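Report on the following structure.
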Amino acid sequence: GAFTLFGAQHFKIPVSTTHTITGAIIGVGVTKRVSAVRWGVTLELVWAWILTIPVSALLAAGIFYLIRLFMP
């Protein structure tokens, strides 16, 4: 986890603690054996991270336009 944080800080990449902890857990699982990692769950997490920003932006835009309809 610390290696991930130092690397991200060096390259000025924003990361959350969730990314860091999850990466550390996956890394430890892989060092034990690759089959120890539940890759299906890992893929779901990655897709959730990828989709979070665009879905949040679409929701915010939709709410913004709904509010603008009712406010002069």
Side-chain angles (χ1 to χ4, degrees):
F3 179 73
T4 303
L5 288 174
F6 286 132
Q9 179 63 31
H10 175 73
F11 292 110
K12 308 292 189 234
I13 301 169
V15 293
S16 71
T17 53
T18 306
H19 290 103
T20 305
I21 298 302
T22 304
I25 291 169
I26 292 169
V28 168
V30 168
T31 60
K32 195 171 186 179
R33 64 181 198 278
V34 176
S35 63
V37 178
R38 294 174 56 190
W39 292 107
V41 175
T42 304
L43 280 174
E44 288 177 11
L45 280 169
V46 170
W47 276 113
W49 291 335
I50 291 170
L51 293 175
T52 297
I53 292 175
V55 169
S56 298
L58 289 172
L59 278 170
I63 292 168
F64 173 77
Y65 286 115
L66 279 174
I67 291 172
R68 282 193 63 190
L69 283 174
F70 297 106
M71 300 200 87

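Computed from a prediction, not measured in an experiment: that's the story for all the values here.
- Evaluation of the side-chain contact (heavy atoms from CB on, under 4.5 Å) rule for Ala8 yields Ile13, Val15 as partners, not counting sequence neighbours.
- Between Ile26 and Trp39 the shortest side-chain heavy-atom distance falls below 4.5 Å.
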Show which side-chain atoms of residues 55-72 pair as donor or acceptor with protein atoms under 3.5 Å away, not counting sequence neighbours.
unit_1	atom_1	unit_2	atom_2	d
Ser56	OG	Thr52	O	2.7

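- Shown here for Leu51 and Pro54, the closest heavy-atom pair between the two residues is O-CD, 3.4 Å.
- Checked against ring-ring contact (aromatic ring centres under 6.0 Å, His included), Trp49 has the following partners two or more places apart in sequence or in another chain: His19.
- The nearest pair of heavy atoms linking Gly29 to Ala36 is O-CB, 3.7 Å.
- When each of Arg33, Arg38, Lys32 is checked for a side chain to side chain donor-acceptor pair (under 3.5 Å) with Ser35, only Arg33 meets the rule.
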